[in-house]
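In what follows, a single structure is set out as structure tokens and then discussed.
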Amino acid sequence: MNEKRVLQVGLVCLDILNVLDHYPEEDGDTQCQEQHWQRGGNAGNSSVVLGLLGMDVEYLGTLAEHQLSQFIIDDFHTNGVKTEHVVYHSNSTVPTTCAIVNSTNGSRTIIHANRNLCELKVEDFQKLQLAMYHWIHFEGRNIEEVIKMIKVVEEFNETQEKSEDRITVSVELEKATKEAVHLLIDKGDRKSVV
């Protein structure tokens, strides 16, 4: 039997990092020392780390039907992350994060934009064959839908006779003041606070 996968559920976006030796003045014109385009987002980044560690990992979230999404998908595949269940939305844009990184003091200023890409819905999640997974990690966003998805996993686990067939659920609790993240505190088997 093949080893089951780890599933990361949450956001992936395009990160544009601008590295400067100082914070730019408002309404000024400043040249970057470096600029990098890369895949970002907590679930996206965690997926790649697990892929680089040799784990069988899959990312699940939403992406726009847009050429920038291919950049993200290619990066996932290069780093061993499966993406066959990603949900694509037309007439959407790719979420983007622009960061200003001060190389002198290490500070960073993050500007995030997600104008119109829908979040993952429980109906999308229910299309998965849960028996493929041994661990599912949920990013602490889209709280109402994540709670419903966790419930789907709990119901699946109740039908499993062997403990090794049950799925471990972990939940990220980022920025405890964000949204209703406190509603996730009693969800899942493991929590991570970032």
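For the single chain, residues carry numbers from 1 onward in sequence order. Treat the numbers as computed from the prediction; the structure is a model and nothing was measured.
- Contact check for Gln35 versus Val19: no side-chain heavy atoms found under the 4.5 Å cut-off.
- Contact annotation: the side chain of Tyr23 approaches that of Ile100 to within less than 4.5 Å [non-hydrogen atoms, C-beta and beyond].
- For the pair Thr96 (side chain) and Leu14 (backbone), a donor-acceptor distance under 3.5 Å is absent.
- Asn142 contributes no side-chain N or O that, together with a main-chain N or O of Gly10, makes up a donor-acceptor pair within less than 3.5 Å.
- Rounding to the nearest 0.5 Å gives a distance of 9.0 Å between CG of Leu130 and CD of Gln160.
- Criterion: ILVMFWY side-chain heavy atoms under 4.5 Å apart, direct or through other members. Under it, Ile136 and Leu60 are part of a common hydrophobic cluster.
- Separation of the Phe156 and Tyr133 ring centroids does not fall under the 6.0 Å cut-off.
- Checking side-chain atoms of Asn79 against main-chain N and O of Asp75 turns up a donor-acceptor pair under 3.5 Å.
- Met149 places none of its side-chain heavy atoms less than 4.5 Å from the side chain of Lys151.
- Of the possible donor and acceptor atoms, none in the side chain of Asn18 sits under 3.5 Å from a partner among the backbone N and O of Val101.
- For the pair Thr93 and Leu117, the minimum side-chain heavy-atom distance is 4.5 Å or more.
- Proximity of a side-chain donor or acceptor of Ser69 to a complementary backbone N or O of Leu63 within less than 3.5 Å is not detected.
- Side-chain atoms of Thr62 and His89 include no donor-acceptor pair closer than 3.5 Å.
- Side chain of Glu139 to backbone of Leu11: a donor-acceptor contact under 3.5 angstrom is found.
- Looking only at distances, no side-chain donor or acceptor of Ser47 sits under 3.5 Å from a matching main-chain atom of Gln8.
- Ring geometry for Phe138 versus Phe125: interplanar angle of 30 to 60°, hence tilted.
- At a cut-off of 3.5 Å, with distance as the only test, no side-chain donor of Glu65 or Ser92 sits close to an acceptor on the other residue.
- A donor-acceptor contact closer than 3.5 angstrom links the side chains of Asn42 and Glu172.
- Using a 4.0 Å cut-off between charged nitrogen and carboxylate oxygen, Glu84 and Arg5 count as a salt-bridge pair.
- Between Asn102 and Asn105, some side-chain heavy-atom pair lies under the 4.5 Å cut-off.
- Between Arg39 and Asp74 there is no salt bridge, since no side-chain nitrogen of the basic residue lies less than 4.0 Å from a carboxylate oxygen of the acidic one.
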